[in-house]
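Some notes on the structure that comes next.
All residue numbers in this chain count up from 1 along the given sequence. Keep in mind it's a predicted model, so treat the numbers as computed, not measured. Side chains included, hydrogens not; waters and symmetry mates left out as well; all remaining heavy atoms used.
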Amino acid sequence: MQMAREPQAVFADRVCAVVATPTAREAIRQLRVASRYTRTIELRLDWLRSDQERAAFLAQLSRFPSKKLTLVATCRRILGGGKLAGGAQAELYWLGQARQAGCEWCDLEIETLRELPEQSARLLPVPPKILLSFHDFERTPPLPQKLLRRRSGEADAIKIAARARTIADSLRLLHAAHAMKDVVVAPMGEIGLPARLLALRHGSALAYAPVATATAPGQVSLDEFKKLYRADSITQKTGIYGVIGNPVGHSLSPLLHNTGFIAAKRDSVYLPFLVENLKDFLDAIPEFGLRGFSVTIPHKQTIMKHLAECEPLAEKIGAVNTVIVGRNGKLQGSNSDHAGILTALEGKLRLRESRVLIFGAGGSARAAAFALADAGAEVLICARRESAAGELARASRAQVIARKHLASACFELIVNATPVGMYPHAGASPLLPNELNCELAMDLVYRPLRTQFLRIAKKKGIKTVSGVEMFLAQGFAQWQLWTGKRPPEAPMRRAVMANLRSEEISIGKGSHKKK
């Protein structure tokens, strides 16, 4: 892992809150909120819906008690990925108005200077300190050396924001922050999110976080940036952990584990890694300094070929959901899903000799099949691909059942081990009502709290077990594997349950409005 260069204090605070909203009234409210978190605030004038709103906001800004704040005015044109209609002169006009309202800094697009080749940025009627910015919303190009050479004389700092198509792309941007002074790097897109959260550690002069609406792909809110990820406190000594998957945006593992780290006062952070190509992630482990990571769909089985060591249980299951990165960089795999499933079912059903259906044949299904078979249940496997169901059945001493027979079959327990019904596609169920014939239904999907699968079961009078119970149990086991300590279970559980219940209320309100 590269040692970060200690950045100079170009800005009052290195966390830059972003105020972006259509109305002047809401912009002032966001400004007040932002000032409670940081002294550096970007004002996205282009997001205001009209010239009248821009004028109204700047008039109020001139009376705002902002002496201790560093205000960065931005009025990005549509050409540069913003919302302002018009050319360079329109951008310069509003930046000039922002200067009169008290903004010390402005974010000036490189496209604007290209359109005004005969003019120096220093002679433009804009705020005196200039952050010269380059954006590419499609890819991470070779770093724009011409832009960087403009640094002397034309700008006080440089910003490079580019969409990371791979994890390697995001690392190239971090290298730029490491190598040069007064450079802001902003990897965009979900793949670039971990690097965005680690940008300050690598020497970026700023990191952006919106007060409300994200203004670039891959941003997390200011509240999450400061409180959940504590991204402005990450140093070279901070333990880095994460979850890899595709998709991964639905995962509450960052909420679970970061809450645990905060409660235990551990200098560690847990990040979400969208991993489309496993090798791309594995190559980046040393650069990120990862100490461990969770594994979810679709990598639970494919990760196994990259392990130096694998616990016997995980090897028997043929799937890994927890990896420890040794001091020598070698990967050690284990499976906490197995114990998580049994913990979630404890006291709800006598598993020995119970007839159990597992719907699915992926990594989670494998853990469920072995756990339930080991507990003495008669396990039957049904999956979309019969070949996968047959392979799992042979490995776990189970049987295969064709889907066409489910409507006439009865079970003590049915387990959904597919991702069908997972947020944000919460309206789907993997099984039809006539296929749900059991005493107890368990969904390994935990978000939403009550999936469509569980709602159908409840309507039929079937007892249900939410996937959150298994999620929490396996997460607690992971935390202990990584830290060697018992996790602070109570606050971790409270945080996850509060989030899921809040979502459930929001979904309920949305359904009511549709009616």
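Because its NZ or CZ atom is not both nearer than 6.0 Å to the ring centre of Phe261 and within 45° of the ring axis, Arg266 does not count as a cation-pi partner of that residue.
Applying the ring pair (Phe, Tyr, Trp, His ring centres under 6.0 Å) criterion to Trp105, with sequence neighbours excluded, gives Phe11. Every residue two or more places apart in sequence or in another chain was checked for a ring pair (Phe, Tyr, Trp, His ring centres under 6.0 Å) with Phe57, and none qualifies. Among residues two or more places apart in sequence or in another chain, the salt bridge (Lys or Arg N to Asp or Glu O under 4.0 Å) test is passed with Asp280 by none. Among residues two or more places apart in sequence or in another chain, the side-chain contact (heavy atoms from CB on, under 4.5 Å) test is passed with Val220 by Leu193, Leu197, Glu224, Phe225, Tyr229. Residues passing the side-chain contact (heavy atoms from CB on, under 4.5 Å) test with Leu282, sequence neighbours excluded: Leu278, Ile285, Ile303, His306, Leu331. Every residue meeting the side-chain hydrogen bond (donor to acceptor under 3.5 Å, both in side chains) condition with Asp223, not counting sequence neighbours, appears here in chain and number order: Tyr37, Lys227.
Looking at heavy atoms from C-beta onward, Thr235 lies in side-chain contact with Asp267 at the 4.5 angstrom threshold. Between Glu115 and Leu79, some side-chain heavy-atom pair lies under the 4.5 Å cut-off. Thr23 places a side-chain heavy atom less than 4.5 Å from the side chain of Arg49. Between Ile160 and Val184 the shortest side-chain heavy-atom distance does not fall below 4.5 Å. Looking only at side-chain heavy atoms (C-beta outward), Ile240 and Ile234 come within less than 4.5 Å of each other.
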Lys129 vs Glu104, test: salt bridge (charged side-chain N to carboxylate O under 4.0 Å, His left out). Steps then yes/no.
CA-CA 6 Å; Lys129 293 189 177 179; Glu104 181 185 4; 3.1 Å; yes
For Arg165 and Glu138, run salt bridge (charged side-chain N to carboxylate O under 4.0 Å, His left out): C-alpha distance rounded to whole Å, both residues' side-chain angles, the deciding distance at 0.1 Å, then the answer.
CA-CA 8 Å; Arg165 294 287 180 184; Glu138 297 300 321; 3.6 Å; yes
Worked verdict on Thr215 versus Tyr208 for side chain to side chain donor-acceptor pair (under 3.5 Å):
CA-CA 10 Å; Thr215 57; Tyr208 293 87; over 6 Å; no
Yes or no on side-chain contact (heavy atoms from CB on, under 4.5 Å) for Phe453 and Val420, after CA distance, side-chain angles and deciding distance?
CA-CA 9 Å; Phe453 171 78; Val420 177; over 6 Å; no
side-chain contact (heavy atoms from CB on, under 4.5 Å) between Lys300 and Val320, intermediate numbers included
CA-CA 5 Å; Lys300 288 187 176 185; Val320 158; 6.0 Å; no
Let me see the working for Arg122 and Asp156 under salt bridge (charged side-chain N to carboxylate O under 4.0 Å, His left out), right down to the final yes or no.
CA-CA 10 Å; Arg122 295 299 185 188; Asp156 298 276; 2.9 Å; yes
Kindly indicate, with the supporting measurements, whether the criterion side chain to side chain donor-acceptor pair (under 3.5 Å) is fulfilled by Glu109 and Ser133.
CA-CA 5 Å; Glu109 300 172 55; Ser133 64; over 6 Å; no
For the pair Phe64 and Leu69, evaluate side-chain contact (heavy atoms from CB on, under 4.5 Å) and give the outcome as yes or no after the intermediate values.
CA-CA 10 Å; Phe64 192 86; Leu69 300 178; 4.0 Å; yes
Would you check, one step at a time, whether the test side-chain contact (heavy atoms from CB on, under 4.5 Å) holds for Asn416 with Leu444?
CA-CA 6 Å; Asn416 172 38; Leu444 299 190; over 6 Å; no
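The two atoms that bring Gly360 and Thr418 nearest to each other are CA-CG2, 3.8 Å, heavy atoms only. Shortest non-hydrogen contact noted between Pro194 and Ile191 is CD-O, 3.5 Å. Taking all atoms of both residues into account, the shortest heavy-atom contact from Ser336 to Thr322 is OG-OG1, 3.6 Å. The two residues Val185 and Ala177 have their closest heavy-atom pair at CG2-CB, 3.7 Å. Gln332 and Gly326 make their closest contact through NE2-CA, 4.0 Å (heavy atoms, listed as atom of the first residue, atom of the second, distance).
A distance of 11.0 Å separates CZ of Arg63 from CG of Leu58, quoted to the nearest 0.5 Å. Between atom CD1 of residue Ile244 and atom CD1 of residue Ile297 there is a gap of 12.5 Å, rounded to the nearest 0.5 Å. Ser253 contributes atom OG, which lies 12.0 Å from atom CG of Leu271 (distance to the nearest 0.5 angstrom). Rounding to the nearest 0.5 Å gives a distance of 8.0 Å between SG of Cys16 and CD1 of Ile41. Note that the CG atom of Leu31 and the OG1 atom of Thr21 stand 12.0 Å from one another [nearest 0.5 Å]. To the nearest 0.5 Å, atom CH2 of residue Trp94 and atom CG of residue Leu84 are 9.0 Å apart.
Ring geometry for Phe293 against Phe281 counts as perpendicular: the plane angle is over 60°, on a 0 to 90° scale with 30° as the lower cut. Between Tyr446 and His250, the ring-plane angle classifies as tilted under the 30° and 60° cut-offs.
At least one donor-acceptor pair under 3.5 Å links the side chain of His299 to the backbone N or O of Val275. The backbone N or O of Ile167 lies less than 3.5 Å from a partner atom in the side chain of Ser170, making a donor-acceptor pair. Looking only at distances, no side-chain donor or acceptor of Thr70 sits under 3.5 Å from a matching main-chain atom of Thr40. One N or O on the side chain of Arg54 and one on the backbone of Leu45 form a donor-acceptor pair closer than 3.5 Å. When atom types are taken as modelled, the side chain of Ser466 and the backbone of Leu449 share a donor-acceptor pair closer than 3.5 angstrom. Looking only at distances, no side-chain donor or acceptor of Trp47 sits under 3.5 Å from a matching main-chain atom of Gly82. Between the side chain of Asp46 and the main chain of Lys83, a donor-acceptor pair closer than 3.5 Å is present. Ser502 places no side-chain N or O within 3.5 Å of a backbone atom of Asn499 that could act as its donor or acceptor partner. Between the Gln478 side chain and the Asn321 main chain, a donor and an acceptor come within less than 3.5 Å of each other. With Arg196 contributing its side chain and Pro187 its backbone, the two residues share a donor-acceptor pair below 3.5 Å.
A salt bridge between Arg29 and Glu26 is present, with a side-chain N of the basic residue lying under 4.0 Å from a carboxylate O of the acidic one. Under a 4.0 Å N-O distance rule, the pair Glu53/Arg25 does not qualify as a salt bridge. By the 4.0 Å N-to-carboxylate-O rule, Lys159 lies close enough to Asp107 to be salt-bridged with it. We find that Asp13 and Arg39 are joined by a salt bridge, their nearest charged nitrogen and carboxylate oxygen being less than 4.0 Å apart. Using a cutoff of 4.0 Å between basic side-chain nitrogens and carboxylate oxygens, Asp136 and Arg163 are not scored as salt-bridged.
The ring of His135 has its center closer than 6.0 angstrom to the ring center of Phe137.
Judged purely by distance below 3.5 Å, without hydrogens or angles, the side chains of Thr112 and Arg77 pair a donor atom with an acceptor atom.
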